[in-house]
Amino acid sequence: MRIPILKLSNYLLISIQTELDDQTAIQFQEDLLNRIHETGATGVVVDLTSVDIIDSFIAKVLGEVVTMSDLMGSKVVLTGIQPAVAITLIDLGIHLQNVQTALDLEQGLMKLHQELGE
């Protein structure tokens, strides 16, 4: 299953509405990086509101998506992180210190706009 990636101005918006399996996560990573390259997006908002739990592989891929997006010149804001997901990320040693987070998509867009000054 592919995760839809929407373009809004200079940003890409992703709302993950399904539990991620390994294959979907890798496909998402490839699709997002290709879309950043194609569109020149300066920012990405990844909404995780519907994701209740992640495993170590998905957590690793999520961390890599943030780093790879940054290398391509696109800032990432993660929104809607559930408590179990936050606990898993920290327990696995995946610290996203330089990543903005927000409670919901609207706040995520505002943070991205403020950070990029657009």
Greater than 12 external heavy atoms within 6.0 Å of Leu6's CG:
yes
Out of curiosity, Leu109 CG to Gln114 CD, how far, rounded to the nearest 0.5 Å?
11.0 Å
Between atom CD of Gln107 and atom CG of Leu112, what is the distance when rounded to the nearest 0.5 Å?
13.5 Å
Take a 6.0 Å sphere around NZ of Lys60 and say whether it holds more than 12 heavy atoms from other residues, nucleotides or ligands.
no
From Leu62 CG over to Phe28 CZ, what is the distance, rounded to the nearest 0.5 angstrom?
7.5 Å
For Tyr11, run the side-chain contact (heavy atoms from CB on, under 4.5 Å) check against Val77, Val44, Val45, Thr42 and tell me which one passes.
Thr42
Spacing of CD1 belonging to Ile5 relative to CG belonging to Leu32, to within rounding of 0.5 Å:
5.0 Å
Assess, by modelled atom type and distance only, whether the side chains of Thr79 and Asp47 contain a donor and an acceptor separated by less than 3.5 Å.
yes
Main-chain N/O of Ala102 paired to Lys111 side chain as donor or acceptor, under 3.5 Å
no
Between the side chain of Glu19 and the main-chain N/O of Asp52, is any donor-acceptor distance below 3.5 Å?
yes
Give, for atom CG of Leu92 and atom CD1 of Ile94, the distance between the pair rounded to the nearest 0.5 Å.
5.5 Å
Rounded to the nearest 0.5 Å, how far does CG of Leu105 lie from CG of Leu48?
11.0 Å
Return all side-chain donor-acceptor pairs below 3.5 angstrom for residues 65-74, not counting sequence neighbours, or 'none' if the list is empty.
from  : atom 1 : to    : atom 2 : distance (Å)
Thr67 : OG1    : Gly63 : O      : 3.2
Ser69 : OG     : Val65 : O      : 2.8
Asp70 : OD1    : Lys75 : NZ     : 2.9
Ser74 : OG     : Ala41 : O      : 3.3
Ser74 : OG     : Gly43 : N      : 3.4

When you measure from the side chain of Gln82 to the backbone N and O of Thr49, does any donor-acceptor pair fall under 3.5 Å?
yes
Leu20 backbone acceptor or donor facing Thr24 side chain under 3.5 Å:
no
Neighbour count >12 (heavy atoms, 6.0 Å) for atom CD, Gln23:
no
